[in-house]
Structures are given as structure tokens and as C-alpha cells.
Peer 1: 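My questions all concern the structure below.
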Amino acid sequence: MPSRRAFLTTGGAAVAALVLPTALGGCSGNGLFVRGGNNSSENSAGTLLRSEAPLPEPFQVPLPILPVLEPVRGEDGTDHYEIVQRAERMEILPGLSTEIWGYNGLFPGPTIVSRRGRRTVVTHRNELTVPVVVHLHGGRTAPEHDGYPTDLILPMGGDHSAHQQHAGASVVGSRDYVYELDQPAATLWYHDHRMDFTGPQVYRGLAGFHLIRDDEEEALPLPRGEREVPLMIADRSFASDGAFQYPSVDPSLNGTPGVTAEYMSGVLGDCILVNGAPWPVLAVSDTRYRFRILNASNARRYRLRLEGGGPFVQIGSDLGLLAEPTAHEAIDIAQAERFDVIIDFSGHDVGDEITMVNDHGRDGTDLVMRFVVTRRESDDSAIPDQLVELERLSEEDVVAERQFVFARGGAEAHGMTLWTVNGEPFSTDAIAARPRLSTVERWTIRALNVEHPFHIHLAPFQVLNTGGKDDAGPYNQGWKDTVNLDNGGQAELLIRFDGYRGRYVLHCHNLEHEDMMMMANFEVV
Ligand code: C2O
Ligand code: CU
């Protein structure tokens with residue numbers, strides 16, 4: 001039975017490697033190093049890993065428009081897709097080649113577009129050298145298809161003995177993920193979720209968009225076609241030869257998990273990629289555009305603002321459209337959160353430049369991408385005052401209350417203090433909560449030591465309040481699956497456990513924290 005993660009079971013070597021740099025006094029060749037790993041640099045938990053490769057001037061390359069994956073067949077209300085996970089080489093920095101691990105060899109992966117009411121089946125084949133797990137983030141998914149961290153797709157061929165302790169419900173070569181997607185139109189994303197190795201595997205490129213559409217959304221006069229653009233924001237760092245740089249203890253990702261000690265709070269890159277390109281430019285017409293913004297970074301949080309333009313008019317949150325549009329001068333977006341926004345370029349002249357900046361960043365990480373108005377066009381889109389009917393959960397429906405504290409501490413392995421949930425490191429056997437199917441609970445989530453974005457699988461929530469204030473704050477409207485928590489912060493959530501019985505995980509979406517045990521099981525009973 002896999003009851004403890006590799007950190008605890010294979011202990012000695014892993015922990016020695018993790019602790020060593022601090023014991024030596026914390027001198028690092030990788031630039032900014034903050035002792036103890038508790039560094040709120042750039043408003044994100046983590047340590048900046050500086051690129052060795054020269055980074056390009058911003059706003060030189062076009063924004064990549066992500067391809068939409070065609071189903072291989074559609075029958076009886078089911079659309080079948082096939083994805084091969086494999087290594088590929090891409091030119092991300094000019095003149096250098098970067099090996100990525102991609103869905104169909106792409107980073108970001110191809111966008112899947114599903115229709116509510118039709119089943120989506122995705123066959124994933126693993127042609128990488130490591131086990132993988134696919135999770136549809138935000139999906140209302142049966143537990144056996146949710147990408148539980150030990151339900152591995154083992155690589156074809158090779159010796160799997162090293163992975164046996166994390167066997168779970170593992171298969172070799174390929175597996176079908178079945179998504180019923182009985183949920184409102186929303187911006188979901190799929191990404192790797194392998195036990196102990198999610199951080200490095202997402203960093204190498206295993207992430208893509210999965211959109212759900214429905215009739216309600218389609219009836220709205222929102223911008224569409226080439227004026228509806230998903231934007232995946234992710235920071236990366238590059239070695240001198242152009243390779244992604246990530247401080248894994250074992251870069252083969254087949255042995256000891258984890259990052260070196262100084263990156264224990266998170267890995268912050270110094271190059272901001274949007275749709276896989278560094279600080280790109282999008283040529284736009286003087287019309288409204290809809291952008292589905294996803295923060296797919298491992299550890300970095302952003303405060304996005306439009307210099308020379310704005311505001312962002314938010315129409316949707318993580319799990320669907322809002323009741324009403326809301327204008328923001330800036331947007332705080334934590335890891336894994338999605339903001340569905342309209343930017344109206346109609347007040348601009350041809351030649352105007354509007355720059356999306358990150359007010360939390362500096363020295364390059366304060367820039368994200370640029371829009372350049374290159375043409376005049378007509379526009380029949382509109383932003384309706386009312387978007388969708390949004391059911392509001394009520395405190396009167398609450399049948400149980402629980403508290404979860406996300407902190408460093410409560411558990412140690414060989415002298416290393418771990419990231420924990422309620423003082424417990426993740427174990428596949430321990431169930432932290434057993435909510436009943438079709439009930440609503442009130443959960444209080446607290447974050448200590450550093451910032452932690454809380455994420456729960458399956459169960460959508462609404463934020464009652466954050467930070468001791470009596471409302472949810474400007475960025476937590478509508479249905480959510482991830483909520484940002486500041487250091488010392490707190491959020492009260494109303495969570496509906498709906499759809500399926502079974503075991504799922506909740507965790508911190510700082511992927512370095514997640515890999516270092518900040519995860520727990522809940523079981524819907
Ligand atoms: Cu975005 Cu458990 O994941
Ligand atoms: Cu965390």
C-alpha cells in the first residue's frame with residue numbers, strides 16, 4: 001500500500017540533497033537567493049531562478065494562437081480525442097532550441113473545446129520517459145478519470161519497479177479519460193498531476209486549455225472567432241543552451257523527487273511566456289476582444305494591468321460566467337485561477353500600443369505582453385448587463401464546517417520541515433474530510449508562512465469572505481475552484497459536493513508546495 005510519499009519512504013538521500021545548500025550557507029549560482037526559502041519576492045512565495053541564456057527584448061514575437069484539437073470521431077453524443085505526450089523541440093528564445101514535453105508535442109497543448117451535454121473522451125498515450133497523470137482542472141469528473149496523483153500512465157517499455165510504490169490504479173502506455181462535463185460553459189485547463197513531480201512536469205510543458213461551451217453562453221453577443229483568445233501566462237527560466245531550467249534534485253524525474261532547498265517555497269522564472277512565447281505581441285483591430293486568462297505558473301502570482309488602455313471587464317471566473325460584468329483596473333491572479341475578460345480597443349487609434357503589465361514584478365517580470373491596434377474593423381459584439389443566472393449558495397444550506405490550515409510545519413522528514421495541510425503531509429490513505437454527496441459545507445482555509453492558492457477538485461465553491469473582511473473581495477466572484485490566500489490570510493468558502501462519490505484531492509496550487517506534500521484527500525460519501 002502506498003501510504004507515504006517518496007520523501008518519507010526513500011528518505012535519506014532525498015533529504016540530504018534538499019538540506020545541503022542551506023547547511024552550506026546558501027550560496028547559489030542562480031542569482032537571487034533568500035535564506036530559508038521564505039521569500040515574498042515579487043509578491044509570490046518562491047525564489048527567483050535567473051536564466052543563464054540571454055533573454056530577448058520584449059514585444060518582438062507574435063502571440064501564438066493555440067490550435068484547437070479536432071476529434072478523431074464523434075458518435076452517440078461522445079467526441080473522441082487522441083493526445084500523445086512526447087518530447088519536442090521548440091524555438092522559444094531566438095536562436096536557441098528548448099526541449100519541451102508537450103501534449104501532441106506542443107507547449108501549450110492543443111485546446112480542447114467541449115459542448116455541455118456531450119461526453120468527451122480523451123485517449124492519452126505516454127511516449128515520455130516518466131509516468132504521467134492527466135487532471136482536468138475545474139472538471140466535474142468521476143474519480144477514476146480525475147487524474148488522482150497515483151493513477152499513473154507508465155511509459156511504454158522500461159522498468160517500472162521504481163514506480164511501484166506509487167502504483168495506484170496505474171496502466172502502461174495509454175488510458176482513456178472520460179469527461180461527462182455536466183457543468184456550465186467555462187475555461188478549464190488540463191495539466192500533469194503526477195505524484196511528487198507535478199511541478200517539473202508542468203514546467204516542461206504539460207498544460208493546455210479545455211473550454212466548455214453551452215447554449216446560454218452562445219446566446220450572448222460576446223466577441224468570438226479570432227476575437228476570442230485564450231492566454232496562458234507562465235514564467236520560465238532558461239539554461240545557456242536554451243533548455244528549461246528547473247532545480248530538480250534529480251532531473252531525470254525518475255528518482256528522488258523535489259527541488260533543491262533554496263527553491264522549496266517555489267520556483268520563479270525570470271521570463272514571462274504567454275502561450276509559450278516570451279513577452280509576445282498581438283495585433284488587434286479597434287474592437288472588443290474576449291481573453292481567457294489563465295495563470296499556469298508554478299509559483300508566481302500576478303497583478304495584471306493595462307498600460308495605455310483598460311479596464312479589464314471581467315465576465316467569467318474559474319468555473320463559468322458571472323451574473324454581471326465587472327470592470328477592474330487591475331486583476332490579481334494566483335496560480336491556476338482563470339479570468340474571462342473583455343478588453344475594448346474601440347477607443348484607440350491605429351498604431352496605439354496597450355501593454356499588459358504585472359505590478360508585482362520587476363526587471364522584466366513586470367511585463368507580460370502587448371496589444372498593438374493595427375486596423376479598423378466593425379464590431380457587432382456587446383457586453384450585456386446581465387450575463388447568466390447565477391445560483392447563490394446560502395449559509396442556511398450548510399450541513400458541516402471544517403478548517404484547513406496550509407502551513408509549513410507539523411511534519412518533518414530527516415530534519416526538513418514539510419509543507420502540510422492541518423499539520424499532515426499527504427498520504428494516499430488518510431482522508432481529511434468525508435462530505436456527503438449533494439450537500440454544502442462551509443470551509444475556512446488559512447494560509448501561514450507564505451502565500452498559498454487553495455484548490456479543490458470536483459467541488460465548486462463560492463467565496464463568502466477573505467482576509468477577515470465581510471465580503472469576497474473583487475477577484476473572487478462567481479463559481480471558483482481556486483482561491484488566492486495571502487500569507488496569514490483566510491478565506492471562508494461555501495462548497496457544494498456534487499456529481500460523484502469517491503476520493504479526490506485538495507491542495508495548494510503552488511506546485512512546489514504540492515509536490516512537497518501540501519495535499520490532502522477528501523471522500524464524497
Ligand atoms: Cu490544477 Cu489538482 O490541480
Ligand atoms: Cu502553498
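Only this structure's heavy atoms are used, side chains among them; waters, hydrogens and symmetry mates stay out.
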Peer 1: Is it true that a side-chain atom of D515 and a backbone atom of G199 form a donor plus acceptor pair closer than 3.5 Å?
Peer 2: yes
Peer 1: Who are the side-chain hydrogen bond (donor to acceptor under 3.5 Å, both in side chains) partners of D214, not counting sequence neighbours?
Peer 2: none
Peer 1: Set out, in order, the CA-CA distance, both residues' side-chain angles and the distance that settles salt bridge (Lys or Arg N to Asp or Glu O under 4.0 Å) for R119 and D79, then state yes or no.
Peer 2: CA-CA 6 Å; R119 180 184 300 114; D79 295 315; over 6 Å; no
Peer 1: Could you check whether the rings of H193 and H507 sit parallel, tilted or perpendicular, using 30° and 60° as the cut-offs?
Peer 2: perpendicular
Peer 1: Which is it for E42 and T365 under the side chain to side chain donor-acceptor pair (under 3.5 Å) test, yes or no, and what are the steps along the way?
Peer 2: CA-CA 9 Å; E42 314 197 39; T365 60; 2.4 Å; yes
Peer 1: Quick one: does D332's side chain have a donor or acceptor within less than 3.5 Å of a partner on R303's backbone?
Peer 2: no
Peer 1: Nearest heavy-atom pair of L93 and A53: which atoms, and what distance?
Peer 2: CD1-CB, 3.9 Å
Peer 1: Can you classify the ring geometry of F291 versus F371 as parallel (below 30°), tilted (30 to 60°) or perpendicular (above 60°)?
Peer 2: tilted
Peer 1: Give the minimum heavy-atom separation between I315 and I383, together with the two atoms involved.
Peer 2: CG2-CG2, 4.2 Å
Peer 1: If you take all heavy atoms of Q462 and E391, which pair is closest and at what distance?
Peer 2: NE2-O, 2.8 Å
Peer 1: Just jot down the side chain to side chain contact (heavy atoms under 4.5 Å, CB included) partners of A447, sequence neighbours excluded, or say none.
Peer 2: H452, L485
Peer 1: Show your working on side chain to side chain donor-acceptor pair (under 3.5 Å) between E144 and Y500 and close with a plain yes or no.
Peer 2: CA-CA 10 Å; E144 62 274 27; Y500 301 92; over 6 Å; no
Peer 1: How long is the span from the NE2 atom in H509 to the CZ atom in F454, to the nearest 0.5 Å?
Peer 2: 11.5 Å
Peer 1: Starting from the C-alpha separation in whole Å, work towards a yes-or-no answer on salt bridge (Lys or Arg N to Asp or Glu O under 4.0 Å) for E52 and R50.
Peer 2: CA-CA 6 Å; E52 294 164 353; R50 281 210 194 280; over 6 Å; no
Peer 1: One pair to check against side chain to side chain contact (heavy atoms under 4.5 Å, CB included): R292 and R338. What are the steps and the verdict?
Peer 2: CA-CA 7 Å; R292 300 169 183 261; R338 284 88 71 208; over 6 Å; no
Peer 1: How close do A299 and A45 get, heavy atom to heavy atom, and via which atoms?
Peer 2: CB-O, 3.7 Å
Peer 1: Is R236 positioned over the aromatic face of F244, cation under 6.0 angstrom from the ring centre and no more than 45 degrees off axis?
Peer 2: yes
Peer 1: Check the surroundings of atom CD in E57: do more than 12 heavy atoms from other residues, nucleotides or ligands lie under 6.0 Å from it?
Peer 2: no
Peer 1: Ignoring hydrogens, what is the shortest heavy-atom contact between C508 and H513? Give both atom names and the distance.
Peer 2: SG-ND1, 3.7 Å
Peer 1: Might you work through the salt bridge (Lys or Arg N to Asp or Glu O under 4.0 Å) test for E218 and R115, ending with a clear yes or no?
Peer 2: CA-CA 11 Å; E218 206 156 87; R115 185 89 198 173; 2.9 Å; yes
Peer 1: Are any side-chain N or O atoms of D151 and backbone N or O atoms of G147, one a donor and one an acceptor, separated by less than 3.5 Å?
Peer 2: no
Peer 1: Flag the pair R213 / L211 as yes when at least one side-chain heavy-atom distance between them is below 4.5 Å, and no otherwise.
Peer 2: yes
Peer 1: Centroid separation under 6.0 Å, is that true for the rings of H137 and H210?
Peer 2: no
Peer 1: Evaluate the criterion side chain to side chain donor-acceptor pair (under 3.5 Å) for residue pair T120 and S114; output intermediate values, then yes/no.
Peer 2: CA-CA 7 Å; T120 292; S114 292; 2.7 Å; yes
Peer 1: Within a reach of under 6.0 Å around CG of D380, are more than 12 heavy atoms found that belong to other residues, nucleotides or ligands?
Peer 2: no
Peer 1: State, yes or no, whether a side-chain contact exists between I233 and Y302 at a heavy-atom distance under 4.5 Å.
Peer 2: yes
Peer 1: Say whether, by atom type as modelled, one donor and one acceptor occur between the side chain of N104 and the main chain of V84 under 3.5 angstrom.
Peer 2: yes
Peer 1: Going through the distances and angles, do R116 and D215 end up as a salt bridge (Lys or Arg N to Asp or Glu O under 4.0 Å)?
Peer 2: CA-CA 8 Å; R116 182 177 194 172; D215 297 342; over 6 Å; no
Peer 1: Kindly compute the distance separating CG (L511) from CG (N298), expressed to the nearest 0.5 Å.
Peer 2: 4.5 Å
Peer 1: Hey, mind stepping through E337 and Y475 against side chain to side chain contact (heavy atoms under 4.5 Å, CB included) and telling me if it holds?
Peer 2: CA-CA 10 Å; E337 283 190 303; Y475 307 121; 5.7 Å; no
Peer 1: Within a strict 4.5 Å, meaning less than it, do heavy atoms of the R301 and Q335 side chains meet?
Peer 2: yes
Peer 1: Checking the side chain of Q314 only, and the main-chain atoms of L322 only, is there a donor and an acceptor separated by less than 3.5 Å?
Peer 2: no
Peer 1: I'd like to know whether the aromatic ring centres of Y148 and Y504 sit less than 6.0 Å apart in this structure.
Peer 2: no
Peer 1: Step by step, would you call Y289 with F345 a ring pair (Phe, Tyr, Trp, His ring centres under 6.0 Å)?
Peer 2: CA-CA 8 Å; Y289 280 68; F345 298 106; 5.6 Å; yes
Peer 1: Does D76 form a side chain to side chain donor-acceptor pair (under 3.5 Å) with T78? I'd like the steps, not just the answer.
Peer 2: CA-CA 6 Å; D76 304 329; T78 302; over 6 Å; no
Peer 1: Verify, without hydrogens or angle tests, whether Y177 (side chain) and V134 (backbone) share a donor-acceptor contact under 3.5 angstrom.
Peer 2: yes
Peer 1: Closer than 3.5 angstrom, by distance alone: can the side chain of N295 be matched with the main-chain N or O of R300 as a donor-acceptor pair?
Peer 2: yes
Peer 1: Evaluate the ring planes of H328 and F339, with Trp represented by its six-membered ring, and classify them as parallel (under 30°), tilted (30 to 60°) or perpendicular (over 60°).
Peer 2: perpendicular
Peer 1: Could you tell me if the side chain of V368 sits less than 4.5 Å from the side chain of W279, heavy atoms only?
Peer 2: no
Peer 1: With side chains defined as the heavy atoms from C-beta onward, is the minimum distance between R288 and D344 less than 4.5 Å?
Peer 2: yes
Peer 1: Let me see the working for D318 and T187 under side chain to side chain contact (heavy atoms under 4.5 Å, CB included), right down to the final yes or no.
Peer 2: CA-CA 7 Å; D318 297 340; T187 306; over 6 Å; no
Peer 1: Side chains of S252 and V130: does their closest heavy-atom pair fall under 4.5 Å?
Peer 2: no
Peer 1: I need the minimum non-hydrogen distance between P257 and D196, along with the two atoms involved.
Peer 2: CB-CB, 3.6 Å
Peer 1: Is the shortest side-chain heavy-atom distance between L268 and S44 below 4.5 Å?
Peer 2: yes
Peer 1: Hey, do the aromatic rings of Y103 and H124 have their centres closer than 6.0 Å?
Peer 2: yes
Peer 1: Between Y203 and Q245, is there a donor-acceptor pair closer than 3.5 Å when you use the side chain of the first and the backbone of the second?
Peer 2: yes
Peer 1: Return yes if some donor-acceptor pair links the side-chain N/O of D286 with the main-chain N/O of E377 below 3.5 Å, else return no.
Peer 2: yes
Peer 1: So, the side chain of Q85 versus the backbone of E127: is there a donor-acceptor pair under 3.5 Å, distance only?
Peer 2: no
Peer 1: Which pairs pass ring pair (Phe, Tyr, Trp, His ring centres under 6.0 Å) with one or both residues in residues 46-101, sequence neighbours excluded?
Peer 2: none
Peer 1: Could you please spell out the steps behind the side chain to side chain contact (heavy atoms under 4.5 Å, CB included) verdict for I293 and V341?
Peer 2: CA-CA 8 Å; I293 303 176; V341 303; 3.9 Å; yes
Peer 1: Are H457 and H135 side-chain neighbours, meaning at least one heavy-atom pair lies under 4.5 Å?
Peer 2: yes
